[in-house]
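Take a look at the structure set out below.
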Amino acid sequence: MNTATVLLSGGDTRLIDSVEGVVASVAGLGLEICSGPDEAWARVARGGIALVILHLAGAGEALGAEAFVRRACRTRRPTPVVALHDADDPSRHLALFRLGVVDSLSRPLDLGRLGYLVDAHTVEARLTRPDRPAEPVVAALGEDDLFLYVRDTAMSPLMEQVHRVAPQATTLLLGGETGTGKTRLARLIHELSGRGAEPFLTVHCAALSASLIESEMFGHVRGAFTGADRDRAGKFAEVGAGTLLLDDIDALPLSLQAKLLRAVEERVFEPVGANRTQPLRARLIAASNRPLDQEVAAGRFRADLYYRLNVVGFHLPPLRERRAVVPHIARKFVADYGIATGRPMRGVTPAALAALGAHDWPGNVRELRNVIERAVALCAGDVIDIRDLPDALRSLAPEPRPAPAEPAAAPLTRSKEEAELLCITEALERHGNNRLRAAAALGISRMTLYKKLRKYGLMSTA
């Protein structure tokens, strides 16, 4: 029988002790522990997890927990999830069951029930042939973009507001540099709204000439201009009651801004050459790479249209301001492209992650995705290393540390923080980032190791 891994998401010491006992009672099982849903997803995405036990410590974790369950249960190889609650709330149990958890338990725990669930849902993993490679458990390309879902001080308030405003019909304005995920956010808003079954269409305002944009948006009738040999419905009509994204709205000519203003204000539009108006039933979302208030000040954008579009605005921060999420996103892209190319990948080396984290990413998530796609294509093995990255990123890798004098990890008795950090990173690398084994090798408790990982900023890479 092989050793399969159960992942516990949560930091409650009493709960950890209880789950450790349950897992230890099942032959062929090991336990890993992570701090929360975001770290749990990063670990699940690397593959090799047979079961996740997800602790929801309070109402504040509900959003992250639901996002995790949605991803884990809707992948090519779904990972079974057992949810644990501090209080019995039937509505929360029902919501998680609908998302796909195998069971939802409340404290005080029925350890017999938990033991049965652990045993039943890890049988296949414990009986799998040892020579079968672990397949990373990830969603299909483009699903559940980690740039949006990894919770931190930059994105948590924004995503909470997105979930509140999505079901409404409010016109939205999305801002942020190119590649930060504005189109993905617009599609997410569409999916979270009651319009999810309706079309989601995009008008690329920067890609067409003024005459073509007007026809693309509003359509035209036969004979409206040279070459208009038949009626054509524009995106405003085709989208119906769905969602229409006006991408690069800052590139829209001033002459068309007045016509768009009427459509936004009066909810009607006229095809080019037509005399009758048509109702606009869609929700409008506008996106801009440049700050529209500055475009207004420069006279390139109408102030009245700006105020009408900016009913609710969301600004996506650039990737360089969220460097902590780079390892999470990089690992997911590696797993995604590995599956897409039929080459399951095991991850990224610490040196490569350090180089990725040091880059400023002027192209943001889009640039990171392209770098990882290139690295997977060129990688000779199943782990992305510094040599697989572009030359511009290789120079950002830290200097290699000298090999330790002894194979065993040194006890944490040195007084200098540099020596302590060296011991921790070497232990983690030697034990494949398994924190339980690293803590045992270092001669410290698991909780002490967590505190030191947070102290040195290693929680996102360990």
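Scope of the values below: all heavy atoms of this structure, side chains included, with no hydrogens, waters or symmetry mates.
- Within the structure, the side-chain hydrogen bond (donor to acceptor under 3.5 Å, both in side chains) test picks out the following pairs touching residues 195-210 (sequence neighbours left out): Ser209-Ser211.
- Side-chain contact between Val348 and Val383 is absent, with no heavy atoms from C-beta onward closer than 4.5 Å.
- The shortest heavy-atom contact between Leu252 and Cys205 is CD1-SG, 4.3 Å.
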Inset, instruction - Take Leu31 and Leu8, measure what side chain to side chain contact (heavy atoms under 4.5 Å, CB included) needs, and give me the verdict at the end. - result: CA-CA 7 Å; Leu31 180 67; Leu8 171 61; 4.0 Å; yes
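- In this structure, the side chains of Leu260 and Ile249 come closer than 4.5 Å at one or more pairs of heavy atoms.
- In this structure, the side chains of Pro167 and Leu192 stay at 4.5 Å or more apart for every pair of heavy atoms.
- The shortest distance between side-chain heavy atoms of Arg232 and Ser215 falls below 4.5 Å.
- Here the straight-line distance linking atom CD1 of Ile384 with atom CD1 of Ile386 works out to 11.0 Å at 0.5 Å rounding.
- By the salt bridge (charged side-chain N to carboxylate O under 4.0 Å, His left out) test, Arg300 is found to be paired with Glu295, residues two or more places apart in sequence or in another chain being considered.
- Atom CZ in Phe314 sits 6.0 Å away from atom CG in Leu158 (nearest 0.5 Å).
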Listing, residues 355-363 side-chain donor-acceptor contacts under 3.5 Å, not counting sequence neighbours, or none:
residue : atom : partner : partner atom : Å
His359  : NE2  : Glu367  : OE2          : 3.0
Asp360  : OD1  : Arg323  : NH2          : 2.5
Trp361  : NE1  : Leu356  : O            : 2.9

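- You'll find the side chain of Val19 reaches within 4.5 Å of the side chain of Ile53, heavy atoms only.
- Within the model, atoms CG of Asp12 and CG of Asp86 stand 6.5 Å from one another, a figure rounded to the nearest 0.5 Å.
- Residues Arg164 and Gln168 come closest through the heavy atom pair O-NE2, 3.2 Å.
- Ion pairing between a basic and an acidic side chain is recognised when a charged N comes within 4.0 Å of a carboxylate O; Arg366 and Glu177 show no such pairing.
- In terms of modelled atom types and a separation under 3.5 Å, the side chain of Asn364 and the main chain of Leu319 share a donor-acceptor contact.
- For the residue pair His55/Ser9, the side-chain donor-acceptor check at 3.5 Å is not satisfied.
- Considering only heavy atoms from C-beta on, His220 stays 4.5 Å or farther from Asp231 through its side chain.
- Remark: the backbone N or O of Ala352 is paired with a side-chain donor or acceptor of Thr349 at under 3.5 angstrom.
- Contacts of Phe218 classified as ring pair (Phe, Tyr, Trp, His ring centres under 6.0 Å), with partners at least two apart in sequence or in another chain: Phe236.
- Legend: residues meeting side chain to side chain contact (heavy atoms under 4.5 Å, CB included) with Leu208, ordered by chain and number and at least two apart, are Leu212, Ile213, Glu216.
- Leu84 has its side chain within reach of Leu109: a pair of non-hydrogen atoms, C-beta onward, lies under 4.5 Å apart.
- Qualifying side chain to side chain contact (heavy atoms under 4.5 Å, CB included) partners for Asp110, counting only residues two or more places apart in sequence or in other chains: Arg113.
- Applying the ring pair (Phe, Tyr, Trp, His ring centres under 6.0 Å) rule to Phe200 yields the partners His190; only residues at least two apart in sequence or on another chain are considered.
- Residue Thr122 holds its OG1 atom at 10.5 Å from CG of Leu117, rounded to the nearest 0.5 Å.
- Legend: side-chain hydrogen bond (donor to acceptor under 3.5 Å, both in side chains) pairs involving residues 254-265, not counting sequence neighbours, sorted by first then second residue: Glu214-Lys259, Arg262-Glu266, Arg262-Glu270.
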Inset, instruction - Run the numbers on His93 and Ser106 for side chain to side chain donor-acceptor pair (under 3.5 Å), then give the verdict. - result: CA-CA 9 Å; His93 291 306; Ser106 299; 2.9 Å; yes
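- Once rounded to the nearest 0.5 Å, the distance linking CG of Leu56 with CZ of Arg92 reads 6.5 Å.
- Remark: side-chain polar atoms of Glu321 are not paired, donor with acceptor, to backbone N or O of Pro317 under 3.5 angstrom.
- Looking at Asn310, its side chain never comes within 3.5 Å of a backbone N or O of Tyr307 through a donor-acceptor pair.
- Residues satisfying the ring pair (Phe, Tyr, Trp, His ring centres under 6.0 Å) test with His121, not counting sequence neighbours, are none.
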Inset, instruction - Would you check, one step at a time, whether the test side chain to side chain contact (heavy atoms under 4.5 Å, CB included) holds for Leu51 with Leu7? - result: CA-CA 6 Å; Leu51 174 71; Leu7 180 67; over 6 Å; no
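- Every residue two or more places apart in sequence or in another chain that forms a side chain to side chain contact (heavy atoms under 4.5 Å, CB included) with Ala287 is listed here: Leu174, Lys182, Leu245, Asp247.
- Legend: residues meeting salt bridge (charged side-chain N to carboxylate O under 4.0 Å, His left out) with Asp304, ordered by chain and number and at least two apart, are Arg302.
- Listed for the Arg267 side chain is a donor-acceptor partner under 3.5 Å among the backbone atoms of Leu280.
- Legend: salt bridge (charged side-chain N to carboxylate O under 4.0 Å, His left out) pairs involving residues 271-293, not counting sequence neighbours, sorted by first then second residue: Asp250-Arg290.
- Between the side chains of Thr178 and Asn289, no donor-acceptor pair of N or O atoms lies under 3.5 Å.
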Inset, instruction - Check the pair Val52 / Phe68 against side chain to side chain contact (heavy atoms under 4.5 Å, CB included), numbers first and verdict last. - result: CA-CA 10 Å; Val52 176; Phe68 169 81; 3.7 Å; yes
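- Checked by atom type and distance alone, the side chain of Arg107 never pairs as donor or acceptor with a backbone atom of Ala87 at under 3.5 Å.
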Inset, instruction - Show the numbers, then the answer: is there a side chain to side chain contact (heavy atoms under 4.5 Å, CB included) between Leu173 and Val312? - result: CA-CA 6 Å; Leu173 178 61; Val312 177; over 6 Å; no
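- Side-chain contact check for Ile189 versus Ile285: some heavy-atom pair is nearer than 4.5 Å.
- Atom NE2 of residue His328 and atom CH2 of residue Trp41 lie 13.0 Å apart, to the nearest 0.5 angstrom.
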